[in-house]
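Computation of the quantities below employed the complete heavy-atom set of this structure, encompassing side-chain atoms and omitting hydrogens, waters and symmetry-equivalent molecules. Here is how names work: the chains are called A, B, and so on, in the same order as the sequence lines, proteins then strands, and each is numbered from 1.
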Number of protein chains: 2
Amino acid sequence: MKQISTRFSMAVHTLSLIAVSPNECTGDFIAGSVNTNPVVIRRIMGMLKKAGLVDVRPGVGGATLLKEPGRITLLDIYRAVDVTEENRLFRMHESPNMNCPVGRNIEQALQSELQAAQSAMEQRLARTTLEQLIGTFQ
Amino acid sequence: MKQISTRFSMAVHTLSLIAVSPNECTGDFIAGSVNTNPVVIRRIMGMLKKAGLVDVRPGVGGATLLKEPGRITLLDIYRAVDVTEENRLFRMHESPNMNCPVGRNIEQALQSELQAAQSAMEQRLARTTLEQLIGTFQ
DNA sequence: AATAATTGTAACTAGAATGGTTACAGCGGT
DNA sequence: ACCGCTGTAACCATTCTAGTTACAATTATT
C-alpha cells in the first residue's frame with residue numbers, strides 16, 4: 001500500500017452524516033454526499049454494522065448510530081473498516097537469514113519499534129471523537 | 001494499501017548490516033541476509049543513496065554510511081524508501097458533494113486529524129536511531 | 001396481494017502497487 | 001582482458017482498490 005484506503009475517510013463521512021441528519025440517510029443519499037457508488041457505501045455500512053457502530057434497516061432503509069457520537073472515536077472507525085492486515089500497519093520481510101547476526105535479531109528489535117509507532121498513531125486517532133469532528137463544522 | 005511495504009523493513013535491515021559490518025556489504029551479501037533477490041536490494045540501495053544515507057561503490061561493490069548510525073533515525077529511512085504517496089499516509093475520497101454540509105466540511109476537518117495521527121507515528125519513528133536499534137542486539 | 005424503494009451480496013472490471021525475476025550495459029580493481 | 005559488482009529496464013503473478021452491474025431479500029405503503 002502506498003496509502004490507507006479511502007474506505008476509512010468514507011466511513012467517517014458516512015457516520016458524520018448519520019449523526020448530523022439521522023433521517024434521510026439511505027445508502028443512496030450517503031453515496032450522493034460522498035460522491036461514490038451506492039454499493040461502496042453499502043459495503044462500508046456492512047462493516048460499521050459488524051463493528052456494532054450502526055444499525056441498518058433493511059427494506060425501509062436508513063441507519064442509526066448505536067453509540068453516542070461522543071463515544072465513537074476515529075480509532076473505532078479505523079478499526080471497523082479493516083484497513084490494515086491483521087491490525088499491523090507495517091509489514092516486515094519474512095524469514096531473514098538466521099546465520100547472520102543482523103538477520104537473526106532484526107525482526108524482534110524492529111517489530112517493537114514499529115508497533116510503538118503504530119500505537120502512537122492509533123492513540124492519536126483515539127483522542128478524537130465523532131462529536132468533536134462534527135463540532136468543528138456544525 | 002493493507003500494509004506499508006516491506007521496502008522499509010528491508011531498508012532498515014540493509015543499513016543495519018552496513019553499520020555492523022562495513023566490509024563485505026555487497027548487494028548479494030545483503031540479499032542473502034534479508035533473504036530476497038539482489039535486484040530488490042539494489043533498488044532499495046538506490047533510494048538510500050538518493051536520500052544521502054549511503055554511498056555505493058559501483059564496479060568494486062559495497063556501501064558505506066554517510067551519517068553516523070546515531071544520526072540516522074527510522075524516520076529518515078522511512079522517508080528515504082518512499083513508502084507513502086506524497087508523504088500522506090491516509091488517502092481521502094475526492095470531491096465530496098459541496099451542496100451537503102458534511103460533504104462541504106469533512107475534508108478539511110478530517111484532514112487535520114489524519115495529519116496529526118500521521119505525525120504522531122512519524123515522530124515516534126524519529127525517536128529511534130539506527131544506533132539504538134543495533135544496540136539492542138549487538 | 002402488489003408495488004416500490006431499499007439493503008445485502010456476488011461477480012466482474014480496470015488500474016495500481018508489490019516483490020520477484022531475467023537480462024544486460026557500464027564501472028573498476030586485479 | 002577478465003571478473004564481479006552496480007544500475008536499470010522489462011516483465012510477471014499476485015493482491016488491493018474502487019467502481020459497476022445485477023439480482024435476491026426485506027419492508028412500508030397502497
Side-chain angles (χ1 to χ4, degrees), chain A residues 1-11 13-14 17-18 22-32 34-51 54-64 81-86 88-96, chain B residues 1-11 13-14 17-18 22-32 34-51 54-64 81-86 88-96:
Chain A
M1 119 196 153
K2 277 295 212 183
Q3 288 183 299
I4 287 171
S5 166
T6 57
R7 253 202 322 277
F8 177 37
S9 69
M10 288 184 184
H13 189 145
T14 295
L17 268 179
I18 299 174
N23 311 325
E24 302 284 349
C25 271
T26 66
D28 282 37
F29 174 80
I30 297 170
V34 171
N35 190 24
T36 184
N37 190 291
V39 177
V40 174
I41 296 299
R42 280 181 238 158
R43 280 200 283 244
I44 289 171
M45 298 271 276
M47 291 179 172
L48 298 175
K49 192 169 83 171
K50 200 167 166 185
V54 299
D55 179 46
V56 185
R57 287 178 295 269
V60 52
T64 53
V81 293
D82 195 26
V83 94
T84 55
E85 178 98 11
E86 290 179 343
R88 293 237 166 123
L89 178 59
F90 297 92
R91 187 170 161 208
M92 276 199 64
H93 56 289
E94 289 163 5
S95 47
Chain B
M1 119 190 147
K2 278 297 213 182
Q3 288 183 299
I4 287 171
S5 165
T6 57
R7 251 199 329 273
F8 177 38
S9 69
M10 286 185 185
H13 189 147
T14 296
L17 268 180
I18 299 174
N23 310 326
E24 303 284 349
C25 271
T26 67
D28 282 37
F29 173 79
I30 296 170
V34 171
N35 190 24
T36 185
N37 190 290
V39 176
V40 174
I41 296 299
R42 279 181 238 160
R43 282 200 282 243
I44 290 172
M45 299 271 276
M47 291 179 171
L48 297 175
K49 190 170 85 173
K50 200 168 166 184
V54 299
D55 178 47
V56 185
R57 286 178 296 268
V60 54
T64 53
V81 292
D82 194 27
V83 93
T84 54
E85 179 96 11
E86 290 178 344
R88 293 238 167 122
L89 178 59
F90 297 91
R91 187 171 159 208
M92 276 198 64
H93 56 289
E94 290 164 5
S95 48

Under 6.0 Å from the CD atom of E85(A), do we count more than 12 heavy atoms belonging to anything else shown?
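Enclosed.
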With a 4.0 Å cutoff (strictly under), does any side-chain N or O of T36(A) reach OP1 or OP2 of dA18(D)?
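For dA18(D), OP1/OP2 do not have a side-chain N/O of T36(A) under 4.0 Å.
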Any side-chain N or O of T6(B) below 4.0 angstrom from OP1/OP2 of dG19(C)?
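Indeed, a polar side-chain atom of T6(B) lies that close.
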Validation row: [X], [Y] side chains within 4.5 angstrom (heavy atoms):
X: L89(A); Y: Q3(B); result: no
X: T6(A); Y: F90(B); result: no
X: P96(A); Y: H13(B); result: yes

From the list [options], which nucleotide is the closest neighbour of the side chain of [X]?
X: V39(B); options: dT6(D), dA18(D), dT22(C); answer: dT22(C)
X: T26(B); options: dG20(C), dT6(D), dG19(D); answer: dT6(D)
X: N37(B); options: dG20(C), dA23(C), dT18(C); answer: dG20(C)
X: R7(B); options: dA10(C), dG19(C), dT17(D); answer: dG19(C)
X: K49(B); options: dT7(C), dG7(D), dA18(D); answer: dG7(D)

Would you kindly give the [atom1]-to-[atom2] distance between [X] and [N], to the nearest whole Å?
X: M47(B); N: dT18(C); atom1: CE; atom2: P; result: 9 Å
X: H93(B); N: dT17(D); atom1: NE2; atom2: C1'; result: 15 Å
X: I30(A); N: dG19(D); atom1: CD1; atom2: P; result: 15 Å
X: R57(B); N: dC3(D); atom1: CZ; atom2: P; result: 23 Å
X: R42(A); N: dA22(D); atom1: CZ; atom2: P; result: 13 Å
X: F29(A); N: dT7(C); atom1: CZ; atom2: C1'; result: 17 Å
X: K50(A); N: dT9(C); atom1: NZ; atom2: P; result: 10 Å
X: E94(B); N: dA18(D); atom1: CD; atom2: C1'; result: 12 Å

Output the distance between atom CZ (R43(A)) and atom CG (N37(A)), rounded to the nearest 0.5 Å.
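Separation between the atoms: 8.0 Å.
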Check every strand shown and say whether [X] touches a base, only sugar-phosphate, or nothing at a heavy-atom separation below 4.0 Å.
X: G27(B); result: sugar-phosphate
X: V56(A); result: sugar-phosphate
X: G61(B); result: sugar-phosphate
X: R43(B); result: base

M45(A) or V40(B), whichever maps to the more 5' nucleotide of DNA chain C
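Here M45(A) is the residue nearer the 5' end.
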How do V60(B) and R91(B) order along DNA chain D: which one's closest nucleotide is nearer the 5' end?
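Taking each residue's closest nucleotide, the earlier one in sequence belongs to V60(B).
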